[in-house]
Each structure stands twice: as structure tokens, then as C-alpha cells.
Asker: 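Below you'll find the structure I mean.
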Amino acid sequence: MEPFADAAVQFQQEKERDIAAMTRDKNTKRIGRLFLDHVTDYKYGYYFTWMGRPIIQHPQDMVALQEVIMEVQPDLILETGIAHGGSLIFSASMLELLDSFAPRPEIQRQVVGIDIEIRPHNRAAIEAHSMFRRITMLEGSSTDEAVAEQVRAIAARHERILVLLDSCHTEAHVLNEMELYGPLVSPGSYLVVYDTLVEFEDKSHSGRPWAKGNNPYTAVQAFLPRHREFVLDEGIEQKYVLTSCPGGWLKRREMK
């Protein structure tokens with residue numbers, strides 16, 4: 001083995017041993033959950049921006065998603081939930097990097113975002129952004145069949161598709177989204193379900209229709225037994241510890 005290759009293998013092996021040891025330590029998950037439970041009281045997830053737009057994601061999840069994107073190398077990223085648009089900008093910028101890192105000139109890499117209401121000031125800011133050339137926004141409910149049909153028409157032009165669900169967090173809504181958009185996920189890619197953390201938080205979500213027992217996590221638990229083509233990628237949560245998506249990183253199997 002070449003010296004550089006040997007060093008890379010050793011580095012990877014050492015990293016995997018350390019992650020395994022950290023995962024076995026019961027304090028890791030406990031302290032991580034305590035931290036997230038504490039900072040959520042201060043709207044921690046609202047602090048961060050990407051290329052000038054509020055992203056409303058935890059930094060650890062942003063880095064994890066970057067790794068997923070580099071692994072999958074998608075042509076299309078579908079997102080439900082737009083808000084201020086930071087997540088769309090993040091995804092578009094990752095596709096911009098992919099065009100340099102792994103060019104596929106025959107494919108126009110694209111981001112599609114869906115939201116039941118795109119507020120005018122957010123729409124204007126997104127459309128003025130340099131990354132907007134890769135973004136298509138659809139206004140309407142992500143579970144509306146007419147909206148889903150538009151998405152399927154776009155998806156038909158792409159081979160590698162990554163789906164991110166982050167709109168209404170009730171079990172019924174998320175499960176409906178998973179049934180509609182899960183089939184679009186290409187083998188080897190991911191269906192990422194955000195805010196499964198709601199199930200594990202020691203607080204009420206006053207004024208929200210979701211809560212412990214009725215949230216994205218319970219939707220995933222209902223979805224997985226019926227969809228054996230998806231498997232939970234536990235390695236992401238084990239490595240990052242601090243994630244708003246515990247049990248929500250679902251990878252589609254390469255079926256034979």
C-alpha cells in the first residue's frame with residue numbers, strides 16, 4: 001500500500017474506533033440531548049445564516065448534510081419548507097460546488113422548494129440571490145396532489161434525488177410527505193426528516209399542532225415498517241451527536 005493511502009486508512013480506522021467508543025459512552029447521548037433541550041429554549045436553531053439568509057438549522061446538521069450531498073452527488077434536491085430560504089441557498093451552493101467537484105455537464109443540477117406560504121419579502125430576497133438560478137419555488141401544501149404532480153414532473157428529468165422534509169411537523173403531515181416523496185429518492189440517496197427531536201424534548205410546543213407522540217419521529221416509526229427499501233443511517237447521529245434529526249436520516253437501499 002502506498003504511504004499516503006496507508007495513512008488515510010489508519011486515520012479512518014482510528015476515527016471509527018473513537019466514534020464507536022463515544023457512542024458506547026452513555027453520557028454522550030445524555031449530554032447531547034441535555035444541551036439541545038437547554039438551548040432550544042433560546043431558539044438556538046434560529047441564530048445561523050448561510051450566504052446571508054437565515055437557515056434555521058443546527059450547524060451540525062448543515063455539516064452532516066454537506067457530507068451526504070458529497071456522497072450522493074444529487075442532480076435534484078427537494079425541500080419541503082422554505083421560510084427565509086437559507087436552506088434552499090445552502091443546497092444550491094452545494095450543487096454549485098458539485099459542478100466543480102464532480103461535473104455532469106449533461107445535467108442541470110437543481111433545488112426545488114415547497115411552502116404553503118412564501119412571504120413576499122422572503123421570495124424577493126431569494127430571487128435576488130446569486131444562487132437563485134438553481135432554485136424553483138412552488139407555493140402550496142407539500143401534501144397537495146397538484147403540487148406533488150409538479151414535483152414528479154421535475155423529478156422525471158433527474159437521476160439522483162435527495163429529499164429533505166422540514167415543513168409542518170405533525171405525524172400525519174410528515175407521513176403523507178414521506179409517502180408522496182419517498183418514492184422519488186434514488187437508491188443510495190437519503191430521505192432526511194427534520195425535527196424528529198420533538199419526540200425527545202422535555203417541553204411542550206405551545207401553540208403548535210405537534211408534540212411528543214405526534215411529530216416527525218412518530219411519522220418515521222410508522223413509515224419504516226412499511227418501506228423496507230429505507231434504512232436508518234445510525235452512523236450520522238452517532239458521529240454528530242447534536243442533531244435535530246435523531247432517527248431521521250433514512251437511506252434508500254441499493255435494491256438488487
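Numbering of residues begins at 1 and proceeds along the displayed sequence. Side chains included, hydrogens not; waters and symmetry mates left out as well; all remaining heavy atoms used.
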Asker: State plainly whether the residues E14 and R17 are in salt-bridge range, i.e. N to O under 4.0 Å.
Answerer: no
Asker: So, does K251 use its side chain to make a donor-acceptor pair with the main chain of Y190 at under 3.5 Å?
Answerer: no
Asker: Let me confirm one number: the CD-CZ distance from Q238 to R24, rounded to the nearest 0.5 Å.
Answerer: 10.5 Å
Asker: May I ask you to test the H173-P209 pair for a side-chain heavy-atom distance under 4.5 Å?
Answerer: no
Asker: Would you name the heavy atoms of L191 and G182 that are closest together and state the gap between them?
Answerer: CD2-CA, 4.3 Å
Asker: Is it true that a side-chain atom of S189 and a backbone atom of I161 form a donor plus acceptor pair closer than 3.5 Å?
Answerer: yes
Asker: With no hydrogens and no angle check, is any side-chain donor or acceptor of T196 less than 3.5 Å from a backbone partner on P246?
Answerer: yes
Asker: Is it the case that the side chains of N214 and T170 hold a donor-acceptor pair, with the cut-off being a distance below 3.5 Å and no angle test?
Answerer: no
Asker: Determine whether the aromatic ring centres of residues F200 and Y217 are separated by less than 6.0 angstrom.
Answerer: yes
Asker: Heavy-atom distance under 4.5 Å between the side chains of M137 and E127, does that happen here?
Answerer: yes
Asker: Rounded to the nearest 0.5 Å, what separation is found between the CG atom of D99 and the CD1 atom of I107?
Answerer: 10.5 Å
Asker: For the residue pair Q12 / E16, report whether a side-chain donor-acceptor contact shorter than 3.5 Å exists.
Answerer: yes
Asker: If you draw a 6.0 Å radius around CZ in F48, do more than 12 non-hydrogen atoms from other residues or ligands fall strictly inside?
Answerer: yes
Asker: Any donor and acceptor pair, going by atom type alone, linking the side chain of R109 with main-chain N or O of P74 inside 3.5 Å?
Answerer: yes
Asker: Output the distance between atom CG (L36) and atom CG (L242), rounded to the nearest 0.5 Å.
Answerer: 5.0 Å
Asker: Do you see a donor-acceptor pair shorter than 3.5 Å between the side chains of S87 and Q57?
Answerer: no
Asker: Kindly compute the distance separating CG (L162) from CD (E79), expressed to the nearest 0.5 Å.
Answerer: 8.5 Å
Asker: Is it true that a side-chain atom of N122 and a backbone atom of G85 form a donor plus acceptor pair closer than 3.5 Å?
Answerer: no
Asker: Minimum heavy-atom separation for C168 and V174, please, with both atom names.
Answerer: O-CG2, 3.4 Å
Asker: What are the two closest heavy atoms between M131 and S93, and how far apart are they?
Answerer: SD-CA, 3.6 Å
Asker: Given 3.5 Å as the limit, does a donor-acceptor pair link the side chain of D18 with the main chain of A21, or not?
Answerer: no
Asker: Grab the two heavy atoms, one from V193 and one from C245, that are nearest each other, plus how far apart they are.
Answerer: O-CB, 3.6 Å
Asker: Return yes if some donor-acceptor pair links the side-chain N/O of H227 with the main-chain N/O of M178 below 3.5 Å, else return no.
Answerer: no
Asker: So, applying salt bridge (Lys or Arg N to Asp or Glu O under 4.0 Å) with D75, which one of R157, R160, R104 is it?
Answerer: R104
Asker: Taking C-beta and beyond as the side chain, do I89 and I135 meet within less than 4.5 Å on heavy atoms?
Answerer: yes
Asker: So, E177 and S142: side-chain donor and acceptor under 3.5 Å apart, yes or no?
Answerer: yes
Asker: Would the distance check show the side chain of S91 and the main-chain N or O of L88 forming a donor-acceptor pair, the cut-off being under 3.5 Å?
Answerer: no
Asker: Is there a donor-acceptor pair under 3.5 Å between the side chain of H158 and the backbone N or O of A156?
Answerer: no
Asker: Can you check whether R123 reaches E139 side chain to side chain, under 4.5 Å on heavy atoms?
Answerer: yes
Asker: Main chain of L197, side chain of D195: is a donor-acceptor contact present, judged purely on distance under 3.5 Å?
Answerer: no
